[in-house]
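Below: one structure, written as C-alpha cells.
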Amino acid sequence: MPSYGSAGAGKGEVIRITVLVSGGGSNLQSIIDACGSGKIDGRVVLVISNKDGVYALQRAAAEGIEACVVDRNSYENDEGFSEEIMRLAKEKKTDIICLAGFLKKLKKNIIKEYPGRILNIHPALLPSYGGKGMYGLRVHRAVLENREKESGCTVHIVNEEYDRGPIVLQRKVPVKRTDTPEELAERVLREEHRAYPDAINIISRKLQ
Ligand code: GRF
C-alpha cells in the first residue's frame, strides 16, 4: 500500500478525502463534521456526484467544499466514467476516496490507482444483504422479511465486485419485531454516521 505521503498529503499534513455521492449525503455530512471536530485528521477536498440537484451538493456548497457532477451518461463506458473521477481525485491530491451512497460502479483503473484507499459504506452486515440491486430500502425490507434479529452497517474496501471487498469495520443494531423498513433504515443510518469516520481513521493510520 503506498504511503499517504506519496499520494497527496505530506508528513504532518491531514488526509485529503474525496467523497462520491448520489443522494442526500448524510454520510458526507458525518465525514465533514468529523473532520471539523478533529475526530478525523483530514479534510474533504472534493465532492463528486453522478447526479445533479442532489442534496449532498447543497451540503458541500454550504461547507464551502468544491463539488462537481460527473454524469455517467456523458461517457461511453464505465471505464471512461471511472477515469474522469480518477483524474479529478488525483488533481486534488486525494489520499482516500469515500463512496457515500454512491450508486455507480467503479472500474479497475481507479481501483488500481488507489489500492485499499477506496471505501464504501453499506447499510447491512455484509456479506449478507449485499450485491447488485441491494441498496436503499430494499436491503432493510429483505432483512425484515427474513426476521433477522440484528442488522447494521459495513464499511469495506472497494474492489471490482459489488459489496465484496475486505471489511474494515461493522456496527450492529437490533431489529425490532415491529420495525418498518424506514425505521430500521434510520437506526442503521445513525450507526453509519459513527462507523464511517472510525473506518477512515483505521485506513488513515495504515497509510501513515
Ligand atoms: C446509506 O444508507 C449508505 O449505507 C448507502 O446509501 C445510503 C446513503 O445515505 N450506501 P446518505 O446519502 O449518506 O444520506
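Index from 1, following the sequence. When a ligand or atom number is given, it counts from 1 through the structure's own listing order.
- Protein neighbours of ligand 1 below 4.0 Å, counting non-hydrogen atoms: Gly24, Gly25, Ser26, Asn27, Gly101, Ile121, His122, Pro123, Leu189, Glu192.
- Within 6.0 Å of CZ in Arg164 there are 12 or fewer heavy atoms belonging to other residues, nucleotides or ligands.
- Around atom CD of Glu76, no more than 12 heavy atoms belonging to other residues, nucleotides or ligands sit under 6.0 Å away.
- Partners of Arg194 under the side-chain hydrogen bond (donor to acceptor under 3.5 Å, both in side chains) rule, at least two apart in sequence or in another chain, are Glu191.
- Every residue meeting the salt bridge (charged side-chain N to carboxylate O under 4.0 Å, His left out) condition with Asp78, not counting sequence neighbours, appears here in chain and number order: Arg72.
- Met86 has its side chain out of reach of Leu106: every pair of non-hydrogen atoms, C-beta onward, lies at least 4.5 Å apart.
- Residues satisfying the side-chain hydrogen bond (donor to acceptor under 3.5 Å, both in side chains) criterion with Asn50, sequence neighbours excluded, are Ser22.
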